[in-house]
Amino acid sequence: MILKTKQPLNQASPGTYSSPQLLDLFIGSTLEVFILVDTSLDIVVFNNVAYRAALKFTGKELKVRSSILNFITPEQKIALDTVFSLALKGASTKFKYHLPNITFQLTVMPVLEEFEVRFLSLTCIDITGEENALLKISAERQLLKLAESISNMGSWEWDIPNDRVAWSDELYRLLGLQPGRATPSKDLGFEFLYPGDLQLVEKTLSHSFKTGEPFNEEIRILAHDGQLKYMYCQGVVLRNAAGRNLKMIGTFHDITNKKLLEESIKRKDLRFQSLIEYSGDLILQVNQAREIVYASPALFDMMGLRPDEIMGDRMGLHVYPEDLPRLIKAFENMVENPGVPFTYEYRVVRKDGSNLWVEGTITNLFDVPGVETAVLNQRDISQRKESERLLQQLNETLEVRASRLSSSNVELERFAYVASHDLQEPLRMISSFMQLLSQKYEGQLDEKAQQYIHYAVDGAGRMKNLINDLLEYSRAGLKSGARIPVDMTEVLKTVALVFKDQLTSTNGKLIYDNLPAVIAEKSQMISLVQNLVGNAIKYKGETAPVITIRGKEKEKEWLFEVEDNGIGIPPGSAEQVFNIFQRLHSKNEFEGTGIGLSICKKIVEGYGGRIWITPASVNGSIFHFSISKPQPVAGQITNLV
Ligand code: ADP
């Protein structure tokens with residue numbers, strides 16, 4: 001043992017230390033660092049432990065009379081200055097002295113003599129182990145707190161014999177409280193329980209109490225702010241060897257979000273389920289072996305079968321045998337095209353043996369996790385099928401009638417043609433003999449007789465016009481020539497030639513420019529335009545006639561307009577003028593037979609077109625007509641299997 005002194009202790013204070021050997025023995029035998037400094041902080045005495053420690057941690061040798069401050073690291077100096085000055089004033093101070101990898105607890109105590117501080121004793125013990133343990137515990141606590149807050153998990157502890165309860169910070173938060181704000185107790189905990197779950201909790205706790213078994217339960221709580229929360233609780237009772245319940249510890253895990261999600265999924269599931277169950281369509285699920293694994297309740301209405309009567313059956317068992325090969329092919333097709341819906345029409349056999357036409361849409365969902373079947377949506381189309389059958393029947397009847405009508409129409413037109421053609425001959429005779437009569441007896445007949453002859457000739461003339469017009473009308477519907485591209489500008493040129501004299505005499509103008517070509521019979525187009533232009537000149541107003549013809553090509557038809565500046569047609573009569581023999585004027589006002597526009601209508605309708613009138617912007621009328629383009633023959637529509 002090295003025991004160095006500034007001066008012998010018994011000499012420094014003979015009254016206080018009467019047994020220096022004993023003191024030496026004590027200082028030397030202690031395992032603690034021991035240093036005695038005077039009030040100038042110079043070392044008076046130190047023990048071996050202090051000497052070795054100083055050498056080890058500062059690399060310096062402790063020496064009597066050197067200042068203790070030489071052994072203090074600069075970082076600790078400020079704190080130690082305070083410690084020393086406190087000690088010099090008579091206060092003992094403890095101080096944690098940190099060195100790399102080691103922590104000492106330094107105790108500085110004043111040594112008094114006659115109420116005066118004479119020395120300071122410095123004792124040091126190594127507390128590194130304790131420090132580390134404390135640090136570890138605090139780190140673990142922090143980690144636990146972090147884990148609790150991350151996982152929304154709170155914990156509690158109940159010291160049963162002392163009836164003391166502790167809650168973790170997170171448990172406070174789960175209950176909607178500030179950590180530490182309330183004194184936890186069993187009763188307070190129970191106050192947060194959702195009343196409906198109180199019984200369950202009491203039952204669970206008492207069971208665990210009796211048996212010592214751990215418990216886990218889903219319960220609801222009403223947090224401080226009234227919010228309903230779902231908690232997953234786990235707990236365990238700790239017993240001593242004698243079987244006495246000492247502690248109960250447990251956790252609360254907030255599963256509200258999970259619960260709400262589960263409930264919303266459940267609601268969604270219910271919604272979809274109800275869609276399926278209340279749908280009038282039959283929903284079937286079929287596995288790869290074509291066996292029915294699910295059938296919705298519509299099955300009963302559709303087929304008279306209960307789902308359990310059909311479950312596991314091969315689908316084909318319930319299909320009308322004649323339609324089965326088609327359906328098997330369809331199934332194979334569907335298997336090769338995952339996710340693609342295929343729709344088929346077929347007959348199913350009902351429980352009572354009758355057949356029912358259905359339309360089924362089947363989709364391969366074999367690869368869809370959770371579905372792993374083909375889903376078949378089957379609807380009853382028996383009514384549609386019946387309507388289709390009736391419609392077909394009706395169409396056939398109509399076709400028969402139409403063909404009968406068209407042959408009687410042809411007969412009628414032929415009759416009109418023959419009649420008017422044959423009438424021409426006797427009419428020609430009447431009018432020529434009348435003319436002969438008037439020539440032969442010229443000057444011999446009185447005025448009255450001459451007037452009668454004039455009427456007869458005039459009447460015969462009008463009848464001739466009528467017969468000619470009727471002939472044209474009856475011919476208008478007959479297809480005589482080929483339908484070829486007809487340049488309407490050329491048609492207009494021909495018509496202009498016909499009316500050349502009338503246009504000149506009336507100072508009239510026929511305006512047209514670059515009209516489109518149509519697919520039609522040229523003679524019919526000439527007749528159509530000639531009638532319209534002729535009327536425009538005939539029904540001219542007081543000014544010179546100006547007739548404008550415009551035309552344009554549309555997607556499915558050609559549209560033309562013949563605009564005049566004539567007397568116009570009252571809107572109320574715009575439709576009736578197209579009826580045969582309908583005239584708006586007497587023969588005294590305007591000559592005519594009332595057939596021209598009906599010929600136009602017949603021609604236009606023969607091309608699937610329309611003819612109509614609108615008033616011109618100032619005076620006169622605009623005659624519009626359309627000629628439909630020939631439609632390509634529709635391709636055969638591929639029907640459902
Ligand atoms: P018609 O000219 O021989 O009387 P239409 O069938 O050609 O027979 O014409 C029917 C009636 O329509 C005519 O009597 C006439 O009153 C009226 N009408 C036809 N075209 C025009 C027109 N451009 N302007 C005014 N009225 C017309």
Side-chain angles (χ1 to χ4, degrees), residues 413 416 420 423-424 427 458-477 488 491-492 494-496 498-499 501-503 505-512 523-551 559-606 609-626:
E413 278 171 356
S420 34
L423 276 174
Q424 274 182 326
L427 190 66
D458 183 54
R462 275 190 286 118
M463 192 157 175
K464 189 179 155 213
N465 286 343
L466 198 62
I467 287 171
N468 279 341
D469 283 357
L470 263 177
L471 257 176
E472 201 186 327
Y473 178 79
S474 61
R475 272 197 299 254
M488 291 297 272
V491 168
L492 255 298
T494 310
V495 173
V498 174
F499 294 109
D501 292 346
Q502 285 184 56
L503 285 169
S505 66
T506 53
N507 256 339
K509 261 190 214 154
L510 190 61
I511 304 166
Y512 57 93
S523 60
Q524 286 184 324
M525 291 302 105
I526 291 174
S527 171
L528 169 65
V529 177
Q530 192 171 308
N531 266 305
L532 295 175
V533 172
N535 277 354
I537 298 171
K538 185 163 47 164
Y539 299 106
K540 76 180 198 59
E542 279 166 14
T543 53
V546 179
I547 306 142
T548 313
I549 293 99
R550 292 176 281 264
L559 276 180
F560 292 91
E561 288 174 8
V562 180
E563 180 172 359
D564 64 42
N565 59 343
I567 57 170
I569 295 175
S573 307
E575 278 187 29
Q576 80 186 58
V577 288
F578 293 105
N579 294 336
I580 194 162
F581 305 130
Q582 286 287 336
R583 308 199 66 226
L584 301 181
H585 305 96
S586 70
K587 73 175 165 56
N588 297 331
E589 291 172 281
F590 295 100
E591 274 288 334
T593 58
I595 297 179
L597 287 182
S598 51
I599 290 175
C600 293
K601 187 171 183 237
K602 204 168 177 195
I603 291 173
V604 163
E605 285 178 351
R610 294 174 301 130
I611 185 162
W612 70 101
I613 304 169
T614 56
S617 54
V618 187
N619 289 320
S621 322
I622 306 174
F623 284 76
H624 308 259
F625 67 87
S626 65

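Just so you know, ligand 1 is whichever comes first in the structure, and atom 1 is the first atom listed for that ligand.
- Interatomic distance, Ile526 CD1 to Asn531 CG, rounded to the nearest 0.5 Å: 12.0 Å.
- In terms of protein heavy-atom proximity, atom 7 (O) of ligand 1 is closest to Asn535 ND2, 2.8 Å.
- The nearest heavy-atom contact from the protein to atom 4 (O) of ligand 1 is Arg583 NE, 2.5 Å.
- Residue-ligand proximity, Lys538 to ligand 1, at heavy-atom distances under 4.0 Å covers atoms 1 (P), 2 (O), 3 (O).
- Set against the non-hydrogen atoms of Gly594, the atoms of ligand 1 under 4.0 Å away are 1 (P), 3 (O), 4 (O), 6 (O), 8 (O).
- With values rounded to the nearest 0.5 angstrom, Phe625 atom CZ is found 10.0 Å from Glu561 atom CD.
- Counting heavy atoms under 4.0 Å from ligand 1, residue Asp469 does not touch it at all.
- A distance of 11.0 Å separates CD1 of Ile622 from CH2 of Trp612, quoted to the nearest 0.5 Å.
- Using a distance-only test at 3.5 Å, with no hydrogens or angles considered, no donor-acceptor pair links the side chain of Asp564 to the main chain of Ile547.
- Assignment of Gly568 to the shell around ligand 1 is supported, since a heavy atom sits closer than 4.0 Å.
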Could you pull out all donor-acceptor pairs under 3.5 Å where a side-chain atom in residues 584-600 meets a protein atom, sequence neighbours excluded?
unit_1 : atom_1 : unit_2 : atom_2 : d
Ser586 : OG     : Asn588 : N      : 3.4
Ser586 : OG     : Glu589 : N      : 3.4
Ser586 : OG     : Glu589 : OE1    : 3.4
Glu589 : OE1    : Ser586 : N      : 3.0
Thr593 : OG1    : Asp469 : OD2    : 2.5
Thr593 : OG1    : Ile595 : N      : 3.4
Ser598 : OG     : Ile595 : O      : 2.6

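- Taking NZ of Lys601 as the start and CD1 of Ile580 as the end, the distance is 11.0 Å to the nearest 0.5 Å.
- Here the heavy atom of the protein found nearest to atom 16 (O) of ligand 1 is His585 ND1, 2.8 Å.
- For atom 21 (C) of ligand 1, the closest heavy atom belonging to the protein is Tyr539 CD1, 3.4 Å.
- For the atom pair CG of Leu471 and CD of Gln424, the computed distance is 5.5 Å after rounding to the nearest 0.5 Å.
- Formation of a donor-acceptor pair under 3.5 Å by the Thr506 side chain with backbone atoms of Gln502 is found in this model.
- In terms of N/O distances under 3.5 Å, ligand 1 is not approached by Ser621.
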Practice problem: In sequence, state the C-alpha distance, the side-chain angles, and the governing distance for Val529 and Phe623, and then conclude on side chain to side chain contact (heavy atoms under 4.5 Å, CB included). | Solution: CA-CA 10 Å; Val529 177; Phe623 284 76; over 6 Å; no
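- At the top of the distance list for atom 12 (O) of ligand 1, counting protein heavy atoms only, stands Val577 CG1, 3.4 Å.
- Only the side chain of Phe623 comes within 4.0 Å of ligand 1, counting heavy atoms alone; its backbone N, CA, C and O stay farther away.
- Within ligand 1, counting atoms from 1 as listed, the ones closer than 4.0 Å to a heavy atom of Asp564 are 22 (C), 23 (N).
- Residue contacts with ligand 1 for Gln582 involve N, CA, C or O but no side-chain atom from C-beta outward (heavy atoms, distance under 4.0 Å).
- Atoms of ligand 1 lying under 4.0 Å from at least one heavy atom of Gly592, given by number and element, are 3 (O).
- Between the side chain of Lys464 and the main chain of Leu427, no donor-acceptor pair closer than 3.5 Å is present.
- Using 4.0 Å as the threshold, Glu591 has no heavy atom nearer than that to any atom of ligand 1.
- Only the backbone of Ile595 comes within contact range of ligand 1, with a heavy atom under 4.0 Å; no side-chain atom does.
- Here the NZ atom belonging to Lys509 is positioned 10.0 Å from the CG atom belonging to Asn565, to the nearest 0.5 angstrom.
- For ligand 1, the atoms sitting less than 4.0 Å from at least one non-hydrogen atom of Leu584 are 14 (O), 16 (O), numbered in the order shown with element in parentheses.
- Every atom of ligand 1 with a heavy atom of Ile567 under 4.0 Å away is listed here by number and element: 25 (C).
- In terms of heavy atoms, Thr548 sits closest to Arg550 at CG2-NH1, 3.5 Å.
- Atom 5 (P) of ligand 1 has its closest protein heavy atom at Leu597 N, 3.6 Å.
- Here Ile569 has side-chain heavy atoms under 4.0 Å from ligand 1, and that is the only part of it that gets that close.
- Distances between N or O atoms of Ser598 and those of ligand 1 include no value under 3.5 Å.
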